[in-house]
Each structure stands twice: as C-alpha cells, then as structure tokens.
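Here is the structure we will look at, set down as structure tokens.
When a ligand or atom number is given, it counts from 1 through the structure's own listing order.
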Amino acid sequence: MNVRPVRRLKLRLLALLTAVTATLALAVSPLSPPTTAVAAVPRHRVTYDHYSVSIDGQRVLLRSAEFHYFRLPSPDLWRDVLEKYRSAGFNTVSIYFDWAYHSPKAGVYDFTGVRDVDRLLTIAQQAGLYVIARPGPYINAETTGGGFPAWLKNVPGRARTSAPGYTAAYRDWLGHIDPILARHQITRGGSVILYNVENEYAEATDAAYMEDIQKKARADGIDVPTMTNDCCDAASWTSTWASGQGAVQIPGVDDYPQGFDCANADTSWGPWGAGLTERLRDDTPVFAAEYQGGSIDQQNAGFDKCRELTGPKYMKFFYKSNLIESGATAFNYYMGFGGTNWGWLAQPNDVYTSYDYGSAITENRLLSDKYDEFKRQNLFLASVAPLTRTDPATAPASSDKAIETVARANPDTRTQFVLVRHSDHTATTDDSATLDWTTPDGRYQVPVRVKGRDAKVLIAGYDLGGQRLVWSNSELMTNSYTGGRDVAVLYGTDGTQGSTVLRYSSQPTVKVLQGSVKASYSPRPTDPGVPPGSSSGDLRLDYTHSGLARVLISGGGRRPLLLLLGTDAEAAKFWQAGPLLVRGTSLVRSATVSGQTAYVRADTAKAEDIEVFGDARRLVVNGSPVGTRPTASGSLLGTLPGPKAVRLPALTGWRSKAESPETQPAFDDSGWTAATKTTTESPLKPKTPTVLYADDYGYHYGDVWYRGRFTGTGAETKVSLNAFTGKRGSYLVWLNGRYLGSAAGGVEADADAPVNPDPGRGDFTIPAGLVKAGQQAVLSVLVENQGHNDDWIADDNRFKQPRGLYAVTVAGSDAPIAWRIQGAKGGENLTDPTRGPLNSGGLYGERAGWHLPAYPDGTWKTGAATEVTPGVTWQRTSFRLDLPKGQDVPIALRFGGPVGQGYRVQIFLNGWNLGQYGGDIGPQTDFTLPAGLLRQHGGNTLALAIVARADATPAPVSLVALDNERGGVPVSDVPSPSFR
Ligand code: GAL
C-alpha cells in the first residue's frame with residue numbers, strides 16, 4: 001500500500017490516540033477481556049486409529065454439523081451461525097464448497113465478497129471449530145447441478161470419471177480451492193482437519209478418478225487425512241473406498257434413518273438403513289460422515305414438519321443408539337443450519353427457495369428444540385473423555401423384556417456406557433425395569449424407565465473431575481471443575497425417578513440447596529458384588545426429575561461437588577462456555593474470565609436472570625457490567641435487560657410497470673445470440689434443426705427468452721413445443737404479440753430409455769388470421785430455467801439434461817424458423833460479479849437493472865401491481881430501517897393469504913434475488929431477508945418480478961420480525977452495487 005507521508009502521520013496519531021483511550025477505559029472499568037499477545041502460529045498433527053481421530057496425540061470425539069456458506073450470503077452471519085454451532089457443543093463444522101457458486105465460466109473463479117471462503121475458514125477457527133473440508137468436485141447437496149457449474153454441461157466426457165474433458169475441468173477447480181483449504185489446515189495453524197474426497201461416489205466407480213483427486217489435493221498442499229462419505233451401506237454400494245485403488249484414509253458412511261417423508265412426520269419412524277454406522281476398516285474410527293440432522297421437503301409439507309420428523313425424540317433414539325451400538329467417535333449431522341437457496345441455487349427436483357432443512361437452527365437463525373437436544377448430547381460427549389475409546393461390553397440384564405440394554409466400556413478407565421431403550425424400537429409405551437448392573441465399583445440394582453420414544457445413555461465407573469460417579473440413572477450433560485469445585489449437570493425425563501451414587505472414603509456433608517433430594521450413606525457398599533474389605537462407602541441420592549434440584553456435597557475425602565439435577569428443559573438452560581457454566585439467556589456465545597471478572601457474550605429475548613458458575617466475582621455481559629449477588633450455589637446471579645421493541649415499516653410507495661416487450665413483433669432483438677449451433681454435448685439430441693438449448697449459448701441460470709421468425713403461410717393452426725425447465729418450471733408462448741398460453745416444462749430426458757418421450761409438451765392453438773401468408777411471424781417464448789439436475793448417480797443423461805426448447809412444430813407450415821436467444825445479460829461474462837452467476841436471469845427488467853437499487857422508477861405507475869396479465873410485471877418500493885444497535889432482528893418478507901396460483905414472484909432485495917414465491921414453486925410464504933443484504937440502518941430497495949401465466953391478483957407483502965434478541969454479532973452491509 002502506498003500511503004503518503006502526511007496521511008501516514010495522521011494514521012499514527014490516530015492509532016496512538018486510540019491506544020491511549022483504550023488504556024484509560026481499561027483503568028476505569030474493563031468492559032472487555034484483555035487481549036493476549038499474538039503467539040507464534042501453532043501447528044498440529046492429525047492422526048487416527050481404530051478408536052478415534054487424535055490431534056497432537058489427544059483423542060477427540062468429532063461433533064460436527066454441516067454448514068453451507070453459499071446458502072447464507074452475508075459473511076458476518078457466518079459468525080453468528082458458527083458461534084451457535086459451538087455453543088451447542090459442536091467442535092467441528094463440515095463445509096461443502098460449491099464449484100458452481102464460484103465459477104461463472106470455465107477458467108473463471110471468484111472467492112471474494114459473499115464467496116470469500118478464506119474469511120469463512122478464519123471465522124470457523126475463531127468460533128473454535130475444526131473444519132471438515134468438502135470441495136467435491138461433486139457435492140450433491142440439492143444445489144444446482146449438485147455443485148457442478150452449468151458450463152460443465154458443455155464439456156465433453158462423462159462427469160465424475162477420468163474422462164479428459166472433465167478431468168481438466170475439475171483439476172482447475174481443485175487447483176483454485178485446494179490452496180485456500182491447505183493454508184487453513186491445522187498442520188499450518190488453521191483448523192481444517194479432514195479433506196472429504198468426492199461425495200457418495202459409487203455409481204461410476206472410477207478408481208483412477210478417486211485416486212487423482214487425492215493426488216491433486218496432495219500436490220496442492222493438503223496434508224490432513226482424506227476421507228469420504230459413502231452412501232449408504234457397504235452391502236448396497238459397489239465401493240466404500242476403504243481399500244484398493246482410490247481408497248481414502250478414513251472412510252465414512254452416510255445415513256438418513258428417517259428418510260425424507262416430512263408430510264408423515266407424526267407416523268414416520270426408521271429404520272431406513274437402521275441408523276447404524278458401519279465399521280469399514282479396523283484401523284480407522286467409525287465415522288458417521290453424514291447423519292440425518294433434518295430433511296429436504298420433497299412433498300412441500302413445510303420445514304416445520306421436517307423439524308418434527310427429525311425432532312428430539314428421533315435424535316435421542318437414533319443418535320444415542322448409534323453412539324453405543326456402532327461405537328462411532330466422529331459424527332457429522334446434516335444440516336445444523338440449512339439456509340436459503342437464494343438466486344438460482346436450488347436443484348429443482350427436491351427443494352424450493354428455503355433450505356431450512358428442519359434443522360436445529362432455522363433458516364432465520366432461530367434456535368429450536370432440536371438445538372437443545374444437540375446441546376444436551378454434545379456437552380455429554382465433550383465432557384466424558386473415556387467415550388473416545390470404547391469396545392462393546394456386557395450389558396446389564398433388564399428385569400423387563402420391554403426394555404433392552406446395549407453397552408460399551410473404555411478398556412483403560414473401565415468406564416461403562418449403557419444404552420437403555422425399548423426392545424421394540426418403535427414402541428411408544430411407558431415401561432420400567434430394574435437393571436442388574438455390574439459396574440466397575442460393584443454390582444447394583446438400577447431402576448430405569450423409558451417413557452415413549454426415547455433412549456438414554458447411562459454411565460458407571462466414571463472419574464467425574466475429583467469425584468467417583470459409581471452410577472446414575474440420570475443422564476450426564478456436563479461436568480467441569482470451576483469456582484474451586486466440581487460442577488455437574490444431570491437430567492432425566494420430567495416426573496421420572498432419579499438416583500445417583502457417588503463414592504467417598506468417609507461420610508460427606510450433603511446440603512440440598514434447592515428441590516427435594518434424599519441422601520443416604522452406606523459406610524460400606526452393601527450391594528452384592530462389592531469387593532469385600534472395601535473401605536469406601538456409597539452416597540446415594542434419590543429424587544424425582546422435576547424442575548431443578550441443587551445439591552452441594554463436601555468432605556468425604558474429596559473436593560466439593562455441586563450437583564445440578566434437572567429435567568430435559570432445565571438442563572437445556574445451561575451453557576458450557578469457556579471456563580464458565582452459565583444458566584439462562586437464549587444463547588451464550590462465549591465466556592472468558594480475567595482477574596475476577598467474567599466476560600460473557602450472550603443473547604436475550606426478554607429481561608431475564610443469568611447465573612454464572614465459575615471463578616468470578618464480577619460479571620460483564622456484552623460489554624456492560626451487570627449487577628450480581630452471590631448465591632448459596634457459589635454462583636453469581638444477575639438480571640439482563642431484554643431487547644428494545646422493534647416496529648417495522650409498512651411497505652408503501654409502490655410503483656409498478658409491465659414489461660415483456662420481447663413479445664412484440666417489432667422488438668429489436670438484433671443484439672441477441674443467433675441460435676445457429678448444430679451440435680451439442682447434451683446426450684439428448686434436439687428435435688429442432690439448430691440447437692436451442694440455453695446452456696449451449698452460455699445462458700445458464702434464470703429465465704431465457706426465445707424469438708423465432710418464420711414466413712407465414714396463412715394456414716397455421718397450431719404450434720407445438722417441448723421445453724425443459726426442470727421441475728416446478730413452465731414456459732409461456734406468444735405469437736405476433738398475442739399470448740397463446742403456457743405449459744409445464746419437462747424434467748425427464750433419459751436419452752437411453754426416455755421416461756417421457758414427449759417431455760414438457762405444450763400445444764397452442766393459433767387463432768385464425770393471426771399469421772398472414774407471406775408475412776413474417778414472430779414466436780416469443782419465455783422459458784423458466786428452474787436450475788440444473790444433480791448428478792447423484794454419475795449419469796450425464798441426468799446431469800446434462802438440457803434447459804430450453806427441445807422441439808418446435810407449427811401445424812400448417814414447414815417454413816424454417818430463425819431463432820435468437822437471450823438469457824442473463826452477458827451470459828457467462830458476468831455483468832454483476834458481486835452478486836454472481838446465480839443471481840439473475842434474462843427477464844427484460846433484470847437485463848435493464850430494474851432489480852437494482854437506485855433504478856429510476858419515477859415514471860412508473862404509482863401503486864402496487866394489484867392486477868397482472870400474462871407476462872412479466874414489476875413492482876418496486878423502498879423502505880428505511882433503523883433497528884436498535886446491538887440487537888439481532890431476523891426479518892422476512894411475508895406474502896399474505898394462501899399461496900398464489902398461476903403466477904410466481906422473484907424477490908429482489910437491494911438487487912439480490914432472495915427467492916421465488918408461488919403455488920407451483922413451493923409452500924413458502926415467508927422469505928428470509930438476511931441482515932447484511934438487508935440494511936439494518938439505512939435505505940432498502942425491494943423489487944418484485946411477477947411472472948404471470950394468466951390474469952392474477954398478486955398477494956400483498958409485508959415485513960415481519962421473526963425474533964428480537966439483544967446481542968447478536970455485528971453485521972456490516974454487504975456491498976450491493978446500484979444501477980448505473
Ligand atoms: C446425501 C448427500 C447430501 C444431500 C443429502 C440429502 O445423500 O450426500 O449432499 O444431498 O443426501 O439432503
């Protein structure tokens with residue numbers, strides 16, 4: 001950087017002033033923790049064995065959830081979501097890198113702005129997460145082309161094989177993405193720990209291809225272990241890449257035990273693949289590479305139903321069963337947060353705009369009851385180190401056959417983990433039994449109860465900090481040593497009996513601080529099986545799980561222990577953040593202690609108590625001191641303020657304008673591309689004399705216009721067309737400016753065995769007299785390209801299925817038709833690189849910048865478009881927001897009434913295409929407007945492009961706040977270039 005001397009001096013003075021001010025502020029009242037000196041970049045080593053992955057020789061249990069940065073086009077919100085991952089107890093995030101998102105054209109790549117994955121990886125590390133990097137080349141993920149850029153459809157050679165054309169293309173992609181991943185590896189001071197090769201690759205089984213991806217990765221500097229995610233079990237898939245040519249270091253298995261039947265969420269219950277992760281090699285850990293964390297919504301049931309399908313009951317039963325039965329020590333839940341298929345990101349067959357996925361964190365970044373369940377399970381996995389090395393063990397016998405047990409034990413510590421569940425895995429009954437349990441500390445009769453669909457992992461013989469947990473029929477959520485004592489949170493189903501047994505060398509003092517807990521001490525264990533002569537005794541606590549009970553135990557030859565015994569709901573109120581255990585608030589993002597001050601970053605939806613357990617006497621939350629008082633539990637208790645109320649503006653001041661000038665015979669299309677090609681890479685050969693597939697002319701995303709000229713005979717009676725749009729798409733037809741109608745676009749194009757020999761067929765009657773003999777006629781067709789098929793089964797017939805016109809005949813004429821085509825302005829040469837290749841298509845208004853901020857719409861009709869006719873109508877308005885600083889208010893655009901039929905609406909916020917509304921697209925009525933794209937303190941432009949197939953009254957829209965939290969993360973405006 002070349003900074004001139006005067007400016008440099010000013011900068012220095014400014015820096016000095018800032019430093020002095022900062023020091024002064026610190027002396028008076030420290031509102032943020034002191035920053036530590038920058039240390040040398042630490043480098044670490046990743047290894048693995050039969051049991052687990054290790055980092056620098058320390059075993060780690062990988063608790064990961066999938067995240068797609070490309071579904072959240074606001075980099076500051078990446079931090080919000082990844083901090084929420086960390087607070088749920090995840091220590092890892094798995095990330096697909098979407099080739100199509102970065103590459104508008106062969107050889108052209110963009111990693112800036114919303115595509116800045118370097119920034120993403122830095123944020124992930126700052127949030128305290130390891131990264132599983134998944135650059136494909138193929139990723140599936142219900143993203144357009146399964147992550148393949150659409151220009152790849154024009155490249156010869158079968159995709160996902162060693163075909164030379166494809167090989168050159170994917171090497172180029174890896175050559176761009178790998179070096180970014182490489183410099184973020186844990187071996188170089190970053191947090192990338194694993195490299196995922198391909199995705200569920202089994203159909204083409206080209207071992208040389210699998211091998212070459214790894215060779216390329218190594219050449220690009222990747223030195224962490226390679227892995228892959230196999231779908232779905234070794235028996236049905238040809239290769240698991242566990243051995244032989246192309247093998248990866250750590251093979252993993254995907255599993256979606258609930259399937260994707262969100263419409264039947266209340267009755268669906270696996271197995272679909274039983275939910276067990278297979279061991280594929282003896283020298284690698286069992287790895288659940290993708291385990292169902294939500295669902296796509298194939299039946300348009302709405303994502304809340306998907307959240308129900310994969311809710312806490314499912315999570316308890318399947319996740320815990322898998323943990324104990326398979327012994328997996330690496331889990332990646334797909335998805336933790338789904339996000340949005342903004343622009344033309346969606347693969348059209350399985351998804352619509354929302355990719356909420358029924359995840360634990362909703363599309364609007366809200367935390368659901370699934371989040372609580374992740375937290376309960378993850379914190380347990382994080383606290384109990386013996387879980388990283390276990391073998392199958394003898395399970396305690398159950399007195400009632402309705403309840404079964406499965407066990408594992410750590411061979412070093414002998415700690416036992418017992419899964420308790422219904423023997424009939426589908427049972428919803430309430431059953432109780434007694435387990436005859438030989439623990440490392442003696443034999444006990446342990447009462448258990450399973451109420452409805454549930455599963456529990458009970459623990460015995462565990463050194464809980466400085467304590468000895470003999471057994472408990474409550475589940476352990478977390479334990480830590482803080483504030484000079486061990487603190488543990490245990491929980492159980494509301495209303496059920498609980499017992500916890502601890503061992504002491506002499507009778508300890510038990511103080512019940514809250515709730516009702518009965519304590520009894522046997523100087524010597526009396527239970528059968530206890531080694532004779534044992535000098536120690538058992539303290540047994542009996543209680544009912546109800547609200548939160550607190551017990552302080554001291555003496556007995558051990559350091560003090562605070563036991564917090566709660567229900568599921570009470571346990572979920574706790575956060576384990578840095579050195580602190582915190583109770584209360586909607587989210588604790590992070591915590592540190594410096595001196596005797598606890599610095600906490602937290603979100604609150606209402607004024608509420610916060611309780612902090614740890615070595616602190618003072619509390620600062622989000623930079624503000626909080627008045628506290630010490631409690632009998634040794635904690636600090638304070639109250640946090642809630643957020644300021646927020647009122648959103650009504651959307652008024654609309655202006656509207658109809659477009660579609662392309663339908664008019666006199667429209668000047670001389671600048672359009674002449675569709676004169678006669679060959680195509682598409683496996684499906686066209687039925688027209690020249691190729692009319694949009695991709696062949698570089699128009700890959702969004703709407704495409706066609707104009708065909710022919711000389712009339714006067715005898716024309718009917719025009720018949722076939723068009724491919726992908727599922728949910730349609731096309732609209734005009735002749736000489738007259739609207740003839742519309743038809744649903746085709747989706748099948750299996751060249752070998754056509755599923756539908758006449759895909760996307762539409763027949764349109766030509767009114768008499770519309771075409772005159774000897775005169776030129778103009779056919780105008782608007783084809784909606786809803787996105788590209790994926791390539792899940794490595795089948796070019798599916799992936800390279802065309803978009804656009806496939807066949808055209810005019811009854812009563814065999815005159816040649818000269819076609820011109822126009823999609824997004826510039827085609828592969830982006831005119832709006834900021835928003836990228838997937839943002840805009842070829843509507844007239846998009847080509848002319850009507851979607852952009854500052855477009856001069858002053859001459860448009862005032863008022864919203866209340867009645868629209870077939871074709872395209874736009875409406876625009878602007879609104880200002882000035883949301884309270886330091887608050888997070890997720891906002892959506894809501895369409896009123898039942899989902900509109902016969903038209904669809906593309907939503908542009910400040911020029912960003914945030915989705916499609918309409919009955920034939922999906923059930924969605926709320927569309928997320930992510931902060932950053934949405935200017936929270938300034939002017940916003942909303943533009944709606946309404947494509948109507950018939951006369952329609954578009955639904956009214958309004959802004960809605962879906963949450964309001966004090967806290968959040970600072971969010972900068974994402975650059976959004978205006979109309980020029
Ligand atoms: C898996 C695939 C993911 C995603 C998921 C369903 O088979 O690997 O990319 O498509 O299914 O949402």
Ala141, any N or O under 3.5 Å of ligand 1 N or O: yes
Do NZ/NE/NH1/NH2 and the carboxylate oxygens of [X] and [Y] come within less than 4.0 Å?
{"X": "Glu681", "Y": "Lys800", "answer": "no"}
{"X": "Lys305", "Y": "Glu308", "answer": "yes"}
{"X": "Asp356", "Y": "Arg307", "answer": "yes"}
{"X": "Asp212", "Y": "Arg171", "answer": "yes"}

Identified side chain to side chain donor-acceptor pair (under 3.5 Å) partner of Ser94 from the options Glu290, Arg134, His68: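 Exactly one pass, corresponding to Arg134.
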Suppose we measure from [atom] to each protein heavy atom; which comes out shortest, and what is that distance?
{"atom": "atom 12 (O) of ligand 1", "value": "Tyr357 OH, 2.5 Å"}
{"atom": "atom 2 (C) of ligand 1", "value": "Glu290 OE1, 3.4 Å"}
{"atom": "atom 5 (C) of ligand 1", "value": "Tyr256 OH, 3.4 Å"}

Cation-pi check, Arg798 onto Trp792 ring (under 6.0 Å, within 45° of axis):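 No, a cation-pi geometry is absent between Arg798 and Trp792.
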Heavy-atom proximity to atom 6 (C) of ligand 1, best of Met335, His68, Glu142, Glu200: Glu142
Asn199: numbered ligand 1 atoms lying under 4.0 Å from its heavy atoms: 2 (C), 8 (O)
Numbered atoms of ligand 1 (with element) below 4.0 Å of Asn140, judged on heavy atoms: 2 (C), 4 (C), 9 (O), 10 (O)
Side chain, backbone, both or neither: Ile139 near ligand 1, heavy atoms under 4.0 Å: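 Backbone only.
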